[in-house]
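Written below as structure tokens is the structure these notes are about.
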Protein chains: 2
Amino acid sequence: MGRKRLHDAADGRPTVHTVAARAGVSIASASRVLNGVGGSAETVRRVREAAAAVGYVPNAIARSLQSQRTGLIAFAVEDIGNPVYVAMMRAIEAVVAESGRQLLVHATSGQVASETALLRRLAHRYVDGMIISPIRVTDSHVEAMTASPVPVVVIGQLPDAVPVDNVRTDSRTGAGLAVDHLVAGGRTRVAFLNGPLDTVPGVARDAGFRAAVARHGMSADLIEVGDFQYAAGRAAAERLLARSRPDAIVCANDLIAVGALHALLVSGLRVPEDVALVGMDDTELAQMSYPQISSVSLGSEIRGRLAAQLLLDRIADAGLPPRREQVPPSLVIRASSGGGA
Amino acid sequence: MGRKRLHDAADGRPTVHTVAARAGVSIASASRVLNGVGGSAETVRRVREAAAAVGYVPNAIARSLQSQRTGLIAFAVEDIGNPVYVAMMRAIEAVVAESGRQLLVHATSGQVASETALLRRLAHRYVDGMIISPIRVTDSHVEAMTASPVPVVVIGQLPDAVPVDNVRTDSRTGAGLAVDHLVAGGRTRVAFLNGPLDTVPGVARDAGFRAAVARHGMSADLIEVGDFQYAAGRAAAERLLARSRPDAIVCANDLIAVGALHALLVSGLRVPEDVALVGMDDTELAQMSYPQISSVSLGSEIRGRLAAQLLLDRIADAGLPPRREQVPPSLVIRASSGGGA
DNA sequence: TTGTAGGCGTTATCAT
DNA sequence: ATGATAACGCCTACAA
């Protein structure tokens, strides 16, 4: 009745004190046993028994305060609905979980403000590190990343001077692979449905496409721009078809490609007979479509895994020099461009 | 030069002590000002200035130890690649973010062991609450949920006696809606591609399908079972077509439906002319397919939002009686069953 | 309004 | 091997 708390936590749950008292040892001994370091056979037995009896579970927060780490890794991504990020997330989660940590997922909506706010919040140290895959990289991103007290790994391009670990691919070359493949298949009017030109991937893919068509002596006038979503891809394809009649379309990602496929089929065009289609990112979506869509793989799983490993390495040793990993693009040919079923 | 730490944290970052010292006040005053409670105009000014000067950011862990809450909400889901969970996650994240908290996402792979392990780990109190959507519910789930010191909300069915907040829908009725619609459209050989029968949704949908076909005086022999994935749907449809010739197929979710669509198209059947198709969950996938797939909406976003709200309410007041919310299914008709484009 | 002091639950240090 | 004690960084009575 109203007796003062003795050893239990504020909410009545057992603490080390509870266990120690019950086992008749000091909290130091109890803690040691609970952490598996030291203790005589008898002490170990009594502490274990006491802990089991009261249902002791260590408080993760208190432990974090002491150890200066939370065991949490954050993954910030603009659109969790895009399968490419799901693939990355899975790969990251696997590595993170194996290291005994947990993954925190942030949706940023691609807003620069919310991404930098997120990066700044890292200063609160509620996570041990963050993997971020920004589609726009601004000065405030860079500033926030370099100022962060906890390690940050970027999946994507980053100015060379920025001393932050990063994993990149080469979607410029990737776009070229798609064009080369289509031209090799005899296509002569190759169009391109891109994402926004104020994004890093948008710019890279635009450059890659233009360089490739130029290489083949073709003009680069069949370009439409939208955002990186299904609806935008469909709309862009409709605009394209309204003004021209391409015999092949390269899409800046698979969502756009699926939207374009929809528009093509609706307008009665056959894929790949009338129009060949190539997407990018090689997500599940490309395989789930009918016909299945050829796609430029940018190694999402590999990039995710590498990013997670870079991050864990840096958490283990902050003194490491900044590292960069590069994952080469490769083309996966499927039915939409005349490949297999 | 090896001078002892004064007021900074172990890693050299400023703490309240740093700010207080610089402002020439006590840490209590500094803390008060930093939290916006009390302080004379002059004190407020000096503390603010000092905090800004040293770039003070409060340590989230220390604050959590004090406040007994982490500001984290967990969402545990078996397959983060399924768009239905992405939809739920988005809805949950919106509510959670609005409350100033952050979302932690766990992938359980649907393993009972890993789900209960997760629930047990809640005892560590590293999150303020958890939303879980298990497709199997075992005694150990129930036990772990009721024993959890932090609130748990379940999205899905739960035995009535279990005193845990939950949000459910009625996929049994949902399956019936699909059958009714197909029969109304003149289909007489309606098949069903279901997920595993040892899962809660698998059982409910099976019951719903059987009851509905019986209601229409039809037999329920065109049933194939796989798991809730694309590949399984495709394989199940292939098995089905190998042994029979249905004129309509109900699928237990959209992933299965997309797989079935693939199999149908590959085998040269037209959708909906030869075979009508209805999925379930009404995910983006249904809209992205061609033809677009009719689907039974189970209100994923609504369920996610409700679950998040139930959880926040309970965090605010642990004394609340257990609550249940029910979201009714509804049919969204699209081209795959003879509806619009 | 302000400062002192104690506690949140854990681990680490340092005598014993 | 063990126990008393001091952090970890923050908040908050309580007293001044």
Side-chain angles (χ1 to χ4, degrees), chain A residues 4-21 23-48 50-51 54-71 123-126 128 149-150, chain B residues 4-21 23-47 50-51 54-71 123-126 128 149:
Chain A
K4 274 275 185 54
R5 266 178 45 218
L6 215 46
H7 299 295
D8 291 354
D11 56 4
R13 308 199 70 245
T15 72
V16 226
H17 292 87
T18 322
V19 174
V25 301
S26 70
I27 61 164
S29 290
S31 177
R32 277 187 290 255
V33 171
L34 262 11
N35 287 294
V37 286
S40 67
E42 174 62 4
T43 303
V44 169
R45 193 189 60 70
R46 290 163 62 187
V47 170
R48 291 243 173 90
V54 300
Y56 171 76
V57 176
N59 180 311
I61 302 169
R63 188 192 294 248
S64 288
L65 181 58
Q66 172 70 28
S67 64
Q68 302 290 343
R69 46 183 58 208
T70 62
H124 296 216
R125 332 213 57 177
Y126 64 101
D128 294 341
V150 314
Chain B
K4 275 271 185 57
R5 262 178 51 215
L6 216 42
H7 300 295
D8 291 354
D11 55 6
R13 307 200 70 243
T15 72
V16 227
H17 292 86
T18 322
V19 174
V25 300
S26 71
I27 61 163
S29 291
S31 175
R32 278 188 289 256
V33 170
L34 262 12
N35 287 295
V37 289
S40 68
E42 174 61 7
T43 303
V44 169
R45 193 189 61 69
R46 289 163 61 189
V47 171
V54 300
Y56 172 76
V57 176
N59 180 312
I61 302 170
R63 179 177 294 200
S64 287
L65 181 58
Q66 173 71 28
S67 65
Q68 301 290 345
R69 45 183 57 211
T70 62
H124 295 219
R125 331 214 57 175
Y126 66 100
D128 294 341

Exercise. Considering non-hydrogen atoms only, spot the tightest contact between B:A123 and B:P149 and give its length.
Key: CA-CG, 3.6 Å
Self-check item: d(CZ, A:R46; P, D:dT2) in whole Å
Solution: 9 Å
Exercise. Mind listing the closest non-hydrogen atom pair of B:Y126 and B:T70 along with its distance?
Key: O-OG1, 3.3 Å
Practice problem: For B:I61 and D:dG9, give me the distance from atom CD1 to atom P, rounded to whole Å. | Solution: 10 Å
Quiz item: Closer to the 5' end of DNA chain C via nearest nucleotide, is it B:A62 or A:L34?
Solution: B:A62
Quiz item: Looking only at atom types and distance, does a side-chain atom of B:S31 sit under 3.5 Å from a main-chain N or O of B:I27, one as donor and one as acceptor?
Solution: no
Quiz item: If you look at every strand shown and take non-hydrogen atoms under 4.0 Å, does B:T43 touch a base, only sugar-phosphate, or nothing?
Solution: sugar-phosphate
Quiz item: Is the shortest side-chain N/O distance from B:R63 to OP1 or OP2 of D:dC11 below 4.0 Å?
Solution: yes
Quiz prompt | Under 4.0 angstrom between A:Y56 side-chain N/O and C:dT10 OP1 or OP2 | solution = yes
Exercise. Would you mind reading off the distance between A:R69 atom CZ and C:dT11 atom P, rounded to a whole angstrom?
Key: 15 Å
Quiz item: Is there a donor N/O on one and an acceptor N/O on the other, under 3.5 Å, for the side chain of B:Q66 and the base of D:dG9?
Solution: no
Practice problem: Whole angstrom is fine here: how far is it from CG in A:D8 over to C1' in C:dG7? | Solution: 15 Å
Practice problem: Could you tell me the separation between the CD1 atom of A:I27 and the P atom of C:dC8, rounded to a whole number of Å? | Solution: 12 Å
Quiz item: Do other residues, nucleotides or ligands put more than 12 heavy atoms under 6.0 Å from A:R48 CZ?
Solution: no
Quiz item: When all nucleic acid strands are considered with a 4.0 Å heavy-atom cut-off, which category describes A:S31: base, sugar-phosphate, or nothing?
Solution: base
Quiz item: Could you state the NE2-C1' distance from B:H124 to C:dT10, rounded to the nearest angstrom?
Solution: 13 Å
Quiz item: Do B:R32 side-chain and C:dG3 base share a donor-acceptor contact under 3.5 Å?
Solution: yes
Self-check item: A:S64 (side chain) donor-acceptor with A:R69 (main chain) under 3.5 angstrom
Solution: yes
Quiz item: Taking atom C1' of C:dG7 as reference, at what distance in whole Å does atom CG of A:L65 sit?
Solution: 12 Å
Self-check item: Spacing between B:H17 atom NE2 and C:dG6 atom P, to the nearest angstrom
Solution: 14 Å
Quiz item: At under 4.0 Å, does any side-chain N or O of B:S40 touch on OP1 or OP2 of C:dT2?
Solution: yes
Quiz item: For A:Q68 and C:dT11, is the shortest distance between a side-chain N/O and OP1 or OP2 below 4.0 Å?
Solution: no
Quiz item: Taking only N and O in the side chain of B:N59, is any of them less than 4.0 Å away from OP1 or OP2 of D:dC8?
Solution: no
Exercise. Establish, with yes or no, whether the OP1 or OP2 oxygen of D:dA4 is under 4.0 angstrom from a side-chain nitrogen or oxygen of A:S26.
Key: no
